[in-house]
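Numbering starts at 1 and runs along the sequence shown. Excluded from the calculations below are hydrogen atoms, water molecules and symmetry mates; all remaining heavy atoms, backbone and side chain alike, are included.
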Amino acid sequence: MDTWSDAEKTKVDEVCPICNGAGFVHPLLPSGKPDFSRVVPCSCIQETLAKESQAHLLRYSNLGALTRFTFDQLFPQGRSGSPVKQQQFAHAYEMAKAFAASPEGWLILVGPSGCGKTHLAAAIANQRISQGEPTFFISTPDLLDRLRASFNPESEMPYDTFFDQVRNAPLLVLDDLGAQSSTPWAKEKLEQLLNHRFNRELPTVIVTIAPTEQLGDRIRTRLTDPNLCHRCVVEETEASLEYSWEPEFKLQKGMTFDNFDRRRVNLVREQSDNLEEAFHLAFRFAKSPEGWLVFMGVTGCGKTHLASAIVNYCYQAGKPALFVVVPDFLDHLRSTFSPESKVSYDHLFEKVKTAPLLVLDDFGEQTTTPWAREKLYQIINYRYNAKLATVITTRYSLQEILDGIERSISSRLIDPKISTPFNITAPDYRGDLTPSKRRVSRGSKKTNWS
């Protein structure tokens, strides 16, 4: 017969009236009499062992102070007063609870700082622990710091042991992805971790503070795999100062769909219909920015106004967008190499390359140096592969684009799978104005030509 050691008996704070401190009891037969041939742990010991197991899981989890973050502490619709944000949070809340009940695949939580992403992720971890399931929680910067520290001979846990613990955790919650320093070593370690868990389809919760398109290509493809990953927007990111009109774009800032004159005087019927079609094409794109829209036409035909109106529509809807004039952008990019520049080359280039919606105005007007072609190709190719919404304005025709621009760039601009080229046939708007109307227009706050 199994017996309990003195050490195990002392785990009972007070003498149990059921087992009299022995720590075990005889189970009852169907007749209600004790089965003296068997012993089972008494409820007092079971409770003690359960508490010890829970304490072990909490130590393993690395949650620390986040053990207080549970679903019970959350409002199912969040704390925002916006009905749209409440609806988004409610959806994220239900997805997180469902994942906590049955962790399968990857759950990707995205949204701005303070929207509740980390609370939801910690609540998932705490619920799994309460059910006796091991979960490991760590932020990306802390993970990399601990990996670096593990190379120290005096480290409590060797590098291989710690990295294997993270890679093979039954459930891993990785917080603040995108907040880490982007060194080649950090990138390599993250790719190794995520590739390992991706290939083995290990349940994972990832909280990202950066837009998915700003992460490395290999990480981005993992996080966007539709067969394994479930992307959940906790709250849409509002357009911030990072995506707003620069001071030099005073005219473009006032160009909207409301003040676009699509019924210009002195236009033949075909030109009027063409301008009307361009307006509706731009408006539909602004409401749902997908793919590429390429506006061609002479200077002053209205293409820049429509492109600016798309950006202004997005800003009004709280969506990020970026407007750049291609020759000016390349000049700014060159100037970042100066020691006196207040903006780093990497920051400016990445901002343009990864903008959720980008307008490239006056494309083709830039100097065609090898350096300029290389930078434009990198931007065009990245956005083409990532399928990021892009609007391009140019005064060149499709044939001139093919003849005058490097093939690797022009082929992407006119690819029918992603791009919608549209030629605006209306002439320069300034040709519609009489001298008296021009004097009035110069004093107007609204300018209707590009």
Side-chain angles (χ1 to χ4, degrees), residues 61 63-128 135-143 171-180 190 194 197 203-215 219-220 222-226 228-243 288-289 314-315 317-321 354-357 388-389:
S61 73
L63 277 164
L66 298 183
T67 54
R68 70 184 190 279
F69 285 178
T70 65
F71 286 111
D72 292 339
Q73 290 182 325
L74 284 168
F75 292 107
Q77 293 185 327
R79 297 180 179 275
S80 173
S82 166
V84 174
K85 292 180 179 179
Q86 288 179 0
Q87 185 177 7
Q88 289 175 335
F89 189 88
H91 177 66
Y93 179 87
E94 293 301 326
M95 284 192 67
K97 289 201 72 173
F99 188 90
S102 178
E104 294 182 3
W106 289 15
L107 179 64
I108 316 298
L109 299 174
V110 299
S113 177
C115 69
K117 306 185 301 293
T118 297
H119 193 140
L120 286 170
I124 292 172
N126 282 310
Q127 180 163 321
R128 295 303 297 170
T135 301
F136 188 76
F137 183 105
I138 194 166
S139 73
T140 306
D142 286 347
L143 167 65
L171 172 59
L172 173 66
V173 180
L174 188 61
D175 194 25
D176 287 344
L177 180 64
Q180 71 280 355
L190 283 176
L194 295 177
R197 297 189 67 83
T204 307
V205 178
I206 296 177
V207 177
T208 174
I209 67 168
T212 307
E213 56 269 11
Q214 290 186 13
L215 302 172
I219 293 178
R220 177 172 52 81
R222 296 290 181 264
L223 267 60
T224 56
D225 184 274
L228 183 69
C229 299
H230 305 282
R231 185 175 181 271
C232 181
V233 179
V234 181
E235 182 180 307
E236 289 286 357
T237 304
E238 295 183 357
S240 63
L241 293 177
E242 179 74 359
Y243 294 107
S288 180
C314 288
Y315 285 165
K319 298 179 181 179
T354 62
L357 170 61
L388 294 175

Do side-chain atoms of Gln73 reach the backbone of Arg68 as a donor and acceptor pair under 3.5 angstrom? yes
Contacts of type side-chain contact (heavy atoms from CB on, under 4.5 Å), residue Glu104, not counting sequence neighbours: Ser102
Exercise: identify the closest heavy-atom pair between Pro103 and Pro203: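 Heavy-atom minimum between the residues: O-CG, 3.6 Å.
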Correct closest heavy-atom pair for Gln127 and Ala101 would be NE2-N, 4.1 Å
In chain order, what residues pass the side-chain contact (heavy atoms from CB on, under 4.5 Å) check against Arg197, with sequence neighbours excluded?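 Counting only residues at least two positions away or on another chain, Arg197 forms a side-chain contact (heavy atoms from CB on, under 4.5 Å) with Trp106, Ala169, Leu172, Leu193, Leu202, Thr204.
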Contact summary for Ala100 and Phe71, nearest pair of heavy atoms: CB-CE1, 4.0 Å
Across all chains, not counting sequence neighbours, the side-chain contact (heavy atoms from CB on, under 4.5 Å) partners of Ala122 are Leu63, Leu66, Phe69, Asn126, Phe137
Taking the side chain as everything from C-beta on, heavy atoms only, tell me whether Leu143 gets closer than 4.5 Å to Leu174. yes
Counting only N and O atoms by type, is there a donor-acceptor contact under 3.5 Å from the side chain of Thr140 to the main-chain atoms of Asp175?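 Between the backbone of Asp175 and the side chain of Thr140 there is a qualifying donor-acceptor contact (under 3.5 Å).
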Please evaluate residues Val234 and Leu120 with respect to the criterion side-chain contact (heavy atoms from CB on, under 4.5 Å), reporting the C-alpha separation (whole Å), side-chain torsions for both, the decisive distance (0.1 Å), and the verdict. CA-CA 9 Å; Val234 181; Leu120 286 170; 4.1 Å; yes
Looking at CG of Leu190 and CG of Leu177, how far apart are the two atoms once the value is rounded to the nearest 0.5 Å? 6.5 Å
side-chain hydrogen bond (donor to acceptor under 3.5 Å, both in side chains) partners of Asp142, counting only residues at least two apart: Ser139
Do the side chains of Leu171 and Phe136 get nearer than 4.5 Å, heavy atoms only?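 No - every pair of side-chain heavy atoms lies 4.5 Å or more apart.
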If we ignore hydrogens and angles and just use 3.5 Å, is the side chain of Tyr315 paired with the main-chain N or O of Pro320 as donor and acceptor?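 A pair under 3.5 Å: no.
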Distance, nearest 0.5 Å, that separates CD1 of Ile206 from CG of Leu194: 5.0 Å
So, do Cys232 and Ile108 sit near enough that their side-chain heavy atoms are less than 4.5 Å apart? no
Closest non-hydrogen atom pair, Lys117 against Thr208: CE-O, 3.6 Å
Has Arg231 got a side-chain atom pairing as donor or acceptor with Leu107's backbone, closer than 3.5 angstrom?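 Side chain of Arg231 to backbone of Leu107, a donor-acceptor pair under 3.5 Å: no, none is there.
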Suppose the criterion is side chain to side chain donor-acceptor pair (under 3.5 Å): which pairs have a residue in residues 88-99, not counting sequence neighbours? none
Testing the basics here: between Gln77 and Ala90, what is the closest heavy-atom pair and its distance to 0.1 Å? CG-CB, 4.2 Å
